[in-house]
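What follows is a set of notes on a single structure, which appears directly below.
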Amino acid sequence: DTAVSQTPKYLVTQMGNDKSIKCEQNLGHDTMYWYKQDSKKFLKIMFSYNNKELIINETVPNRFSPKSPDKAHLNLHINSLELGDSAVYFCASSLQAYTGELFFGEGSRLTVL
Amino acid sequence: GDSVTQMEGPVTLSEEAFLTINCTYTATGYPSLFWYVQYPGEGLQLLLKATKADDKGSNKGFEATYRKETTSFHLEKGSVQVSDSAVYFCALSEGGTSYGKLTFGQGTILTVHP
């Protein structure tokens with residue numbers, strides 16, 4: 001059983017489209033995150049939810065909207081996709097919000113044409 | 001704000017060579033420090049961590065010591081294997097009100113040849 005699973009793994013789409021990436025964790029963790037990894041491998045946090053409550057919201061365009069229907073799921077919806085959104089998006093979870101010990105999914109590679 | 005700086009890569013070594021990847025940090029408080037590893041095509045995995053000054057984290061033959069005086073957390077391994085080829089990320093977390101937010105270094109690509 002995969003601990004943190006993301007779908008889809010690959011996403012190729014046109015500029016201006018809207019797309020979603022789903023994430024589920026079966027570890028019973030309270031906290032989930034979205035990180036963006038750019039083409040130079042640099043990782044930056046986007047959002048974090050703790051028990052369905054948004055606790056971290058970095059400087060991210062409004063076109064990005066996370067949704068956490070329950071503490072095992074954290075989805076990422078992106079409106080009006082732009083070329084600069086092309087990246088690998090990683091979902092992660094941790095047992096508690098302050099440990100820094102994260103379990104990452106395998107990533108979703110988004111390519112915007 | 002917090003920041004992490006790693007040595008520039010890529011690093012290429014022969015099997016059984018000694019590995020050092022340098023990492024220094026800037027933080028306002030007393031962060032926890034981490035090394036994460038990303039194997040090709042996979043997500044990141046926690047390799048080791050240290051939560052206070054002079055702590056040594058170790059795992060799978062890798063070690064790193066939290067040096068507050070030099071604000072460093074260098075990763076070392078005495079004898080690398082081909083299977084260690086991956087991207088290594090140094091990271092810090094302030095804990096508390098940072099809610100576990102990790103600030104990552106830029107990553108160092110390690111390639112080990114037989």
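Each chain gets a letter, A, B and so on, in the order the sequences are listed, and its residues count up from 1. Scope of the values below: all heavy atoms of this structure, side chains included, with no hydrogens, waters or symmetry mates.
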Task: Segment of Phe34(B) engaging chain A (4.5 angstrom heavy-atom cut-off) - done: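 Just the side chain, heavy atoms under 4.5 Å.
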Task: Under 4.5 Å from any heavy atom of chain A - which part of Glu42(B) - done: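 It is the backbone, since no side chain atom gets that close.
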Consider only side-chain heavy atoms of I, L, V, M, F, W and Y, link residues closer than 4.5 Å, and tell whether [X] and [Y] are in one cluster.
X        : Y        : value
Tyr49(A) : Phe90(A) : no
Phe64(A) : Leu81(A) : yes
Ile78(A) : Leu74(A) : yes

Open item on the list: Checking the side chain of Tyr33(A) only, and the main-chain atoms of Leu102(B) only, is there a donor and an acceptor separated by less than 3.5 Å?
Closed with: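 No, Tyr33(A) side chain to Leu102(B) backbone: no donor-acceptor pair under 3.5 Å.
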Chain B contact via [X] - side chain, backbone, both or neither, heavy atoms under 4.5 Å:
X        : answer
Lys40(A) : backbone
Ile45(A) : side chain
Ser94(A) : neither

TODO: Taking atom CD of Glu69(B) as the centre, report whether more than 12 heavy atoms of other residues, nucleotides or ligands fall under 6.0 Å from it.
DONE: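 Atom CD in Glu69(B) is packed in, count exceeds 12.
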Open item on the list: Check this for me: Asn62(A), atom CG, are more than 12 non-hydrogen atoms of other residues, nucleotides or ligands nearer than 6.0 Å?
Closed with: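 Check fails, neighbour count at 12 or below.
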Task: Nearest non-hydrogen partners of Phe89(B) and Gln37(A), listed with the distance - done: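 Phe89(B) and Gln37(A) have their closest heavy atoms at CZ-NE2, 3.5 Å.
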Open item on the list: Quick check: closest heavy atoms across Tyr36(B) and Phe104(A), and the distance to 0.1 Å?
Closed with: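 Answer, listing the atom of Tyr36(B) first, then Phe104(A): CE2-CE1, 3.8 Å.
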Can you give the donor-acceptor pairs under 3.5 Å from side chains of residues 105-113 of chain A to other protein atoms, not counting sequence neighbours?
from, atom 1, to, atom 2, distance (Å)
Glu106(A), OE1, Lys9(A), NZ, 2.6
Ser108(A), OG, Gln6(A), NE2, 3.0
Ser108(A), OG, Pro8(A), O, 2.7

